[in-house]
**Student:** 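A single structure is presented below for examination.
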Amino acid sequence: MSEKKIEKVGVLGAGLMGSGIVHVCAQAGYQVVAREVEERYWKKAFDRIGGFMQKSVEKEKMTAADRDAAISRMSGTTDLADLAGCDIVIEAVVEDIEVKNEMFGELDELCPPHTIFASNTSSLTIVEMAAATSRPDRVVGLHFFNPVPIMKLVEVVKAVTTSQATFERVWAFAESLGKIPIAAKDNSGFVVNLLLVPYLLGAVRALESGLATTEDIDKGMVHGCAHPMGPLTLLDFVGIDTTYRIAEIMFDEYKRPEYAAPPLLRKMHLAGYHGRKSGKGFYDYSGTEPKPSDLNI
Ligand code: CAA
Ligand code: NAD
């Protein structure tokens, strides 16, 4: 089958990651259509993207004309059928295989055979999604990092079913967004999360066991290892709900203690302390400066 040039991109989910993916794709010149469950979610995401672009204009990193052109390339919808004309669909919905497979299953019926399905999953294996479609050779992992407009890395993941042609097209697509791709095997967590998740969970265990305070654990890694954020701040940034799901999936896959969700993470997830996006996680974001939350440890 002849390969069609990627011109139109579909994005499923416009949360933390989906909104960043919409942002970089529109900025790179692609037509982008984002699908959310409710109109207010994609509208909120588009307002946020507009705000970041406005800041770039004010700092003379972007012209007003380029901003207007990028915004004019973005559209939002709640109707999956509006993604039927996309050459690639990137899913960034919640870390739940059932939700992801339901989306790809419906799109499989709606999209032409050339459409590539890419997943931004942090911890699921791509083959689980590929096997649920009639185009397993065109299903691939495309794992961006948060915040998407700033982080250069993208992991490009070939499932056992992914064709070399799909892999190469998606690799070139990632480069066209100004990203630095790396090739990763289709193992849970790929390269980065295989290493990062035990570190983050270790920080939760350190706090839980009374080793040090929230602030001192973070200061330790910022000032001792020059990390831009300490691990507990980073957990709030990634999302406690998302990290809890990632830990559950990786532990289920590897059955290794370093991937097991610490009880504190589970309790915070259950309490709705999802981090920055909910206003409270390891830190409370209700004031002008984040303050360590009292978690009754
Ligand atoms: N979208 C667009 N621009 C953004 C942004 C966003 N979401 N967030 C920040 N920026 C921009 C800011 O506007 C600012 O731009 P200027 O330089 O033009 O002013 C720039 O980024 C720097 O931001 P700040 O000055 O506000 O803050 P900072 O210097 O403290 O940097 C940070 C913020 C880039 C997030 C930095 O703290 C950092 O690198 N943190 C670590 C992030 C990280 O580790 N990410 C990986 C998470 S794990 C993952 O993604 C994988 C997974 O599957 C879970
Ligand atoms: P998020 O909770 O911020 O956003 C998920 C969005 O998906 C929500 O806005 C929700 O309304 C939407 N959604 C749920 N069901 C949907 C459906 N059926 N159709 C369309 N939209 C739907 O989550 P996130 O942090 O953006 O994570 C999304 C994906 O990206 C997950 O697979 C996660 O593992 C992965 N990821 C997250 C990070 C991170 O730092 N948070 C980094 C890399 C990858």
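Note that ligands are numbered from 1 as they come in the structure, with each ligand's atoms numbered from 1 the same way.
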**Student:** Short list, please: which atoms of ligand 2 are under 4.0 Å from a heavy atom of Arg35?
**Tutor:**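 In order of number, 17 (C), 18 (N), 19 (N), 20 (C), 21 (N).
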**Student:** So, are Asp108 and Arg135 salt-bridged, with charged N and O less than 4.0 Å apart?
**Tutor:**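 Answer for the salt bridge query: yes.
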**Student:** Between Glu38 and ligand 2, which part of the residue brings a heavy atom under 4.0 Å of the ligand: side chain, backbone, both or neither?
**Tutor:** neither
**Student:** Taking 4.0 angstrom as the limit, do Asp236 and Lys280 come out as a salt bridge?
**Tutor:** no
**Student:** So which protein heavy atom does atom 26 (O) of ligand 2 come closest to, and at what separation?
**Tutor:**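 Atom 26 (O) of ligand 2 sits closest to the protein heavy atom Met17 N, 2.8 Å.
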**Student:** State if His143 counts as touching ligand 1 under the rule of any non-hydrogen atom under 4.0 Å.
**Tutor:**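 Yes, that is the case, since the closest heavy atom of the residue is under 4.0 Å from the ligand.
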**Student:** So which of Gly18, Ala92, Gly20 gets nearest to atom 5 (C) of ligand 2, if we judge by its closest heavy atom?
**Tutor:** Ala92
**Student:** Just going by heavy-atom distances, which of Ser122, Pro147, Gly13, Ala14 is nearest to atom 36 (N) of ligand 2?
**Tutor:** Ser122
**Student:** Pick whichever of Met53, Met229, Lys59 has a heavy atom sitting closest to atom 16 (P) of ligand 1.
**Tutor:** Lys59
**Student:** So for Met17, does at least one of its heavy atoms come nearer than 4.0 angstrom to any atom of ligand 1?
**Tutor:**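 Met17 does not count as a contact of ligand 1 under the 4.0 Å cut-off.
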**Student:** Specify the protein heavy atom at minimum distance from atom 50 (O) of ligand 1: its residue, its atom name, and the distance to 0.1 Å.
**Tutor:** Asn146 N, 2.9 Å
**Student:** Could you tell me whether some N/O pair between Asn193 and ligand 1 is separated by less than 3.5 angstrom?
**Tutor:** yes
**Student:** Lys277 heavy atoms, cut-off 4.0 Å: which ligand 2 atoms fall inside?
**Tutor:** 1 (P), 2 (O), 3 (O)
**Student:** Take a 6.0 Å sphere around CD of Glu98 and say whether it holds more than 12 heavy atoms from other residues, nucleotides or ligands.
**Tutor:**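 Counting neighbours around CD of Glu98, 12 or fewer heavy atoms of other residues, nucleotides or ligands fall under 6.0 Å, so no.
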**Student:** What do we get for Phe144 next to ligand 2 when only non-hydrogen atoms under 4.0 Å count, side chain, backbone, both or neither?
**Tutor:** backbone
**Student:** By number and element, which atoms of ligand 2 are closer than 4.0 Å to a non-hydrogen atom of Leu16?
**Tutor:**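 Taking each heavy atom of Leu16 in turn, ligand 2 has 3 (O), 25 (O), 26 (O), 41 (N) under 4.0 Å.
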**Student:** If hydrogens are left out, which of Val93, Leu80, Asn193 has an atom nearest to atom 22 (C) of ligand 2, that is, the closest non-hydrogen atom?
**Tutor:** Val93
